[in-house]
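All residue numbers in this chain count up from 1 along the given sequence.
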Amino acid sequence: TMKKLLLLLFIPFLSFGQGWIQIFGEEYSYESGVFVEQSSDGGYIIVGNSIGGTTYNPNIYLIKTNSEGAAEWSQIFGEEGEEFAYSVQETSDGGYIILGETNSWGGASSIYLIKTDSSGNEEWSQIFNGNIATTGYFAQETSDQGYIIFGVTQIMEDSGGVAQAGYLIKTDDEGNEEWSQILDESLGVG
């Protein structure tokens with residue numbers, strides 16, 4: 001029987017090494033944590049992946065805790081394909097911006113940007129397609145309340161091989177692309 005498998009270790013280095021450990025997860029599923037950040041209220045926001053049920057269908061798993069690590073709420077994001085999370089950041093309005101990848105819209109992986117409110121409810125999401133396959137690794141709010149996204153995209157070389165390149169995307173406050181730039185085509189893998 002599958003049980004709660006996500007184990008996250010947080011040890012805030014207080015005086016004399018005091019700390020705590022918390023276990024999160026859903027029954028009959030597998031979870032993994034990939035990124036954690038302390039939130040402005042002293043708690044923590046955690047993003048990871050959840051594979052539920054008897055089929056392989058990973059979704060994005062978001063957890064908010066208090067300062068002692070007790071879960072305040074959690075949310076699952078995903079469609080019928082595979083979604084993976086790589087980072088989460090608190091935004092200036094008290095919500096969160098999650099960045100990862102999805103293959104639910106068109107087969108090849110695409111960057112998946114999700115904006116939530118302070119309770120983890122989705123406000124909007126955006127998909128960004130690169131050339132062949134694209135993954136987003138980190139998103140940060142910008143001074144104009146838009147977002148800057150860093151990821152990697154695969155591109156076809158003149159020789160017919162495939163290369164990986166850094167991929168930078170700037171969005172407005174609703175996640176609509178304002179511009180994008182391929183950063184380095186010299187990281188060839190093909």
*Atom of Y147, atom of T142 and distance for their closest heavy-atom approach*: N-OG1, 3.7 Å
*V47 versus S87, closest heavy-atom pair with distance*: CG1-C, 3.8 Å
*For residues S39 and Y44, determine if any side-chain heavy atom of one lies less than 4.5 Å from a side-chain heavy atom of the other.*
no
*Atom OG of S110 and atom CG of N129: how far apart are they, to the nearest 0.5 Å?*
3.5 Å
*Return yes if some donor-acceptor pair links the side-chain N/O of N103 with the main-chain N/O of E82 below 3.5 Å, else return no.*
yes
*Taking atom CD of E141 and atom CD of E90, what is their separation to the nearest 0.5 Å?*
10.0 Å
*Atom of G120, atom of L62 and distance for their closest heavy-atom approach*: CA-CD2, 4.3 Å
*asked:* Checking the side chain of S50 only, and the main-chain atoms of Y61 only, is there a donor and an acceptor separated by less than 3.5 Å?
replied: no
*Can you name the nearest heavy-atom pair linking E101 to S109, along with the distance?*
OE1-CB, 3.1 Å
*Please assess T153 against Q164 for the test side-chain hydrogen bond (donor to acceptor under 3.5 Å, both in side chains), listing each intermediate value before the final yes or no.*
CA-CA 6 Å; T153 188; Q164 286 189 313; over 6 Å; no
_Residue pair T102 / E83, side-chain donor-acceptor N/O under 3.5 Å_ = yes
*Y112 and L99, any side-chain heavy atoms less than 4.5 Å apart*: no
*Given D144 and K170, is the side-chain contact (heavy atoms from CB on, under 4.5 Å) satisfied, shown in steps?*
CA-CA 11 Å; D144 62 357; K170 170 66 174 75; 3.1 Å; yes
*Compare every heavy atom of A71 with every heavy atom of I63, then report the nearest pair and how far apart it is.*
CG2-CB, 4.4 Å
*Taking atom types as modelled, find out whether T116 and Q75 have a side-chain donor-acceptor pair closer than 3.5 angstrom.*
no
*Compute the ring centroids of Y137 and F150, then answer whether they are less than 6.0 Å apart.*
no
*What residues, two or more places apart in sequence or in another chain, satisfy salt bridge (Lys or Arg N to Asp or Glu O under 4.0 Å) together with D173?*
none
*What's the spacing between T65 OG1 and W73 CH2 if we round to 0.5 Å?*
10.0 Å
*Nearest atoms (heavy-atom pairs only) where D41 meets K64*: OD2-NZ, 3.0 Å
*From the options I149, I148, T134, select the one residue that forms a side chain to side chain contact (heavy atoms under 4.5 Å, CB included) with I169.*
I149
*Within a strict 4.5 Å, meaning less than it, do heavy atoms of the F77 and I98 side chains meet?*
yes
*Enter the distance from I111:CD1 to S180:OG here, rounded to the nearest 0.5 Å.*
9.0 Å
*Just wondering, do N49 and V34 contact through their side chains at under 4.5 Å, heavy atoms?*
yes
*Can you tell me how far the CG atom of L113 sits from the CD atom of E174, to the nearest 0.5 Å?*
11.0 Å
*Apply salt bridge (Lys or Arg N to Asp or Glu O under 4.0 Å) to E37 and list each qualifying residue two or more places apart in sequence or on a separate chain.*
none
*Gap between atom OH of Y96 and atom OG of S119 - 0.5 Å precision*: 8.5 Å
*Hey, does F35 have a side-chain heavy atom less than 4.5 Å from the side chain of I46?*
no
*Between Q181 and Y167, is there a donor-acceptor pair closer than 3.5 Å when you use the side chain of the first and the backbone of the second?*
no
*Please tell me if the side chains of K115 and E122 come closer than 4.5 Å, counting only heavy atoms from C-beta onward.*
no
_Checking Q140 against Q89 for the side-chain contact (heavy atoms from CB on, under 4.5 Å) test, could you report, in this order, the C-alpha distance in whole Å, the side-chain angles of both residues, the deciding distance, and whether it holds?_
CA-CA 7 Å; Q140 180 74 43; Q89 295 284 310; 3.5 Å; yes
